[in-house]
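Take a look at the structure below.
In what follows, chains carry the letters A, B, and so on, assigned in the order in which the sequence lines appear, proteins first and then strands, with residues in each chain numbered from 1. Treat the numbers as computed from the prediction; the structure is a model and nothing was measured.
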Amino acid sequence: MSEPTESTDPVKLSRFTYRQLQGLRHGSTATPLRVIAHIDLDAFYAQCEMVRLGTPRETPLAVRQWDSLIAVNYAARPFGITRFINIAEARRLCPDLVLQHVATFREGEGGRWAYRDDSYKKINTDKVCLDPYRAQSRKILQTIKEALATWNDDDNGDNTQTPKQEVTVGLEKASIDEVFIDLSPLVYKALLQRYPELRAGTQDENRDAELPIPPTTALQWDRDCLIDLDKIETEEDDPDWDDVGMLIGSEIVRWVRKAVWEKLSYTCSAGLARNKMIAKLGSACNKPNLQTVVRNRAVQDFLGGYKFTQIRMLGGKLGDHITAAFGTEKVSELLNVSLEQLRTRLDEHTASWLYGIIRGDDRSEVNPRTQIKSMLSAKSFRPSISSIDQAEKWLRIFAADIYGRLVEEGVLENRRRPRVITLHHRGSQSRSRQIPIPGSNVINEDLLYDLANTLLRQVVADGQTWPCSNLSLSVSSFEDGVSNNKAIEGFLVRGDQAKALTRSSRPRDTDTAQGGHLPNDKRRKLDSDGARIDQFFANPVHSEDTETGEQGTSQQPEMDAEPNGIPRFTCLRCSKSMPEYEKEEHDDWHFAKDLAIQDREEAKVSQPTPPTKSSTRGATARGRGGRGGGGRSKTEKGQMRLAFQ
DNA sequence: TCCCACACA
DNA sequence: GGTGTGTGGGA
């Protein structure tokens, strides 16, 4: 499956095939029709404070941390305020600047954080608290999910049976203020609703046939910022399905941004493109509060204008190394370097990854991740501290901080708990120590403190402890609690039956089990449960790839009828029973599923994964071995899907 | 498993 | 720069 070729048919056809269209449906990362969005909150911490304080948007505001700025809103930027100037400089540049210090914990006040007028003076007894921003981040994520679930909701087209958006959308929380969304399944659905001509011709023998050309000759891009087409392209050319898909994606993102603004008063910027790398570059192009579309026909010129050090993963040492090796930072110049030449200075893996990435080829998955994997509480000391006593005071605060966040995460209800606690120490050298958190104990603040203290003694015993310039405590290796495992097992009873079902028709009760009438707080927790169940499904044992192996079990192909007389059909491959009118769509789903698996296999061959640190010569050490250890095998990349109702 | 380096916001 | 997150390698 190489680049789509121009048709020589006298009847004008699309550059794209039915196979590529179907690829949209279940996460093929190879299809050129894929639509990925990157959404980025504008000056996030500053907006949080503006919302909290009710500050008008035109008022310049910056978030302060000790004597530095950590966020500057857009109203303050014309004054020359940046994150790299100090408070005095900021006041000089903009006397009316609202300077809000971050919330802090304070020595002797336990886990209670607060916004305090004097925290900037208390760098020696206060510790920064980012909880308010985490809380806002969660609300925004929830709003985004809800908006995605309701987009196009009342537009059922010809299918009156699906009142809700039962489409699975991959949503990756990339940081506290950024998400990636794989809009492909939603776009697919909308394409079929709006262009009935796409519904035909999905039979197996036709899948490499070209699609018909879209019926429109000019797309209405509304208020989107469009990246200019490559020089060899022209706007006079009729749009193809990739352009139409982007336009639909753009509608969805506008809907999502509108919801975030109307419900929570946050503005965000977004990028839309064929993959994560380009979408991310795109979202930064027009800030604040705008969305940018990078069409496939615009990618080459768009990327050519960048330094490759601005591309994800190339911002650090690897980027520096490449710059030194080839004497340029420009993508446009690196394009002239052949793969063979890249290989002379980079290991095989990195070379082929780089070769693809600067040509816009990024097949990385939108990896549905909402669960926290670790929690860290840290403090830098200026000046350094030099005694156990001082260190212990900070351990108290760290323990209180982390405990509070664990409660949010559900330790009290035994939903999740960390298994490991780690103390990092930076003095003349940098060192860290970790120990297991005993599973027998109930986790509370004192337990965390005692464990931290044990670690501190170990670090001190190692010597060279003082002076210490940085200390941090973290918990990690979260495991699901007993009560939650029950929930999973309960689900799996149904899940086993449902395993091979289309994800667009999951059993009702698994959806409604997450309830719609709970307070926000509870509801969020339950949502995480849903995500975890899906991660369980992502376990190789239950993965798509093994699914097709089940065809041999219990098949009774037949049409039967329900009491109400609507004829029913039972699928040969997965035993699902459904109304007969859903048969075609269901067959189509299996077809798409097979294609997705096939695509993934192809992608594994053709798309190098991102480079790793010391990819010394053919290492690839971990290749196959990981399965045996520790029960929790790593989920296959890209098989996790977050379904939300 | 433990510890470290790296990348990013 | 400070405070968090996440990933992966090597011993």
Non-hydrogen side-chain atoms of A/Val420 and A/Pro436 separated by less than 4.5 Å:
no
With a non-hydrogen cut-off below 4.0 angstrom, is A/Ser380 in contact with a base, only sugar-phosphate, or nothing?
sugar-phosphate
I'd like to know if A/Arg417 pairs up with A/Asp480 as an ion pair, taking the criterion as any Lys NZ or Arg NE/NH1/NH2 lying under 4.0 Å from an Asp or Glu carboxylate oxygen.
no
Does the side chain of A/Arg134 get closer than 4.0 angstrom to OP1 or OP2 of C/dG4 through an N or O atom?
yes
Check the angle between the aromatic planes of A/Phe44 and A/Tyr266 and answer parallel, tilted or perpendicular using the 30° and 60° thresholds.
tilted
Check the surroundings of atom CZ in A/Arg359: do more than 12 heavy atoms from other residues, nucleotides or ligands lie under 6.0 Å from it?
yes
Within less than 4.0 Å of OP1 or OP2 of C/dT5, is there a side-chain N or O belonging to A/Arg405?
yes
Which heavy atom of A/Tyr355 sits nearest a heavy atom of A/Val337, and at what distance?
CE1-O, 4.2 Å
Kindly say if A/Lys373 contacts the phosphate of C/dG6, meaning a side-chain N or O under 4.0 Å from OP1 or OP2.
no
Shortest side-chain distance from A/Arg382, nucleotide among C/dG6, C/dT3, C/dG2
C/dG2
Figure out the CD1/C1' separation between A/Ile372 and C/dG4, and round it to whole Å.
10 Å
Rounded to whole Å, the NE2-C1' distance (A/His349 to C/dG9) equals 14 Å
Check every atom of C/dT5, B/dA7, B/dA9 against the side chain of A/Leu318 and return the nucleotide holding the closest atom.
B/dA7
Separation of atom CE in A/Met313 from atom P in B/dC8, rounded to whole Å
6 Å
Looking at C/dG2, B/dC2, B/dA7, which one has an atom nearest to any side-chain atom of A/Pro436?
B/dC2
Measure from the side-chain heavy atoms of A/Arg369 and tell me the nearest of C/dT3, C/dG6, B/dA9.
C/dG6
So what does A/Ile70 hit on the nucleic acid, given a heavy-atom distance under 4.0 Å: a base, only sugar-phosphate, or nothing?
base
Tell me whether A/Lys393 is salt-bridged to A/Asp389, with the criterion being a basic N under 4.0 Å from an acidic carboxylate O.
no
Nearest whole angstrom, please: distance from the P of C/dG2 to the CZ of A/Arg83.
14 Å
Looking only at side chains, do A/His424 and A/Ser472 share a donor and an acceptor under 3.5 Å apart?
no
Could you check how far CG of A/Asp67 sits from C1' of C/dG1, rounded to whole Å?
11 Å
Is any side-chain N of the basic residue among A/Asp362 and A/Lys276 closer than 4.0 Å to the acidic one's carboxylate O?
no
Atom-to-atom span, CD of A/Gln65 to C1' of C/dG4 - whole angstrom
11 Å
Length of the CG-C1' vector between A/Asn470 and C/dT3, whole Å
9 Å
Do the side chains of A/Arg134 and A/Glu408 get close enough for a salt bridge, i.e. N-O under 4.0 angstrom?
no
Please name the residue in the list A/His101, A/Gln100, A/Glu49 that meets the side chain to side chain donor-acceptor pair (under 3.5 Å) test with A/Tyr115.
A/Glu49
Under a 4.0 Å heavy-atom cut-off, which of residues 424-435 of chain A touch DNA chain B?
A/Ser430, A/Arg431, A/Ser432, A/Arg433, A/Gln434
Rounded to the Å, how far apart are A/Tyr45 OH and C/dT5 P?
8 Å
Minimum-distance nucleotide to A/Ser377 side chain [options: C/dT3, B/dA9, C/dG4]
C/dG4
What stems, by residue range, does DNA chain C take part in, given at least 3 consecutive Watson-Crick or G-U pairs under 3.5 Å?
B:1-9 with C:3-11
Under 4.0 Å between a side-chain N or O of A/Lys173 and OP1 or OP2 of C/dT5?
no
Short side-chain N/O contact from A/Lys379 to OP1 or OP2 of C/dG1, under 4.0 Å
no
Check this one for me: any side-chain N or O of A/Ser374 less than 4.0 Å away from OP1 or OP2 of C/dG6?
yes
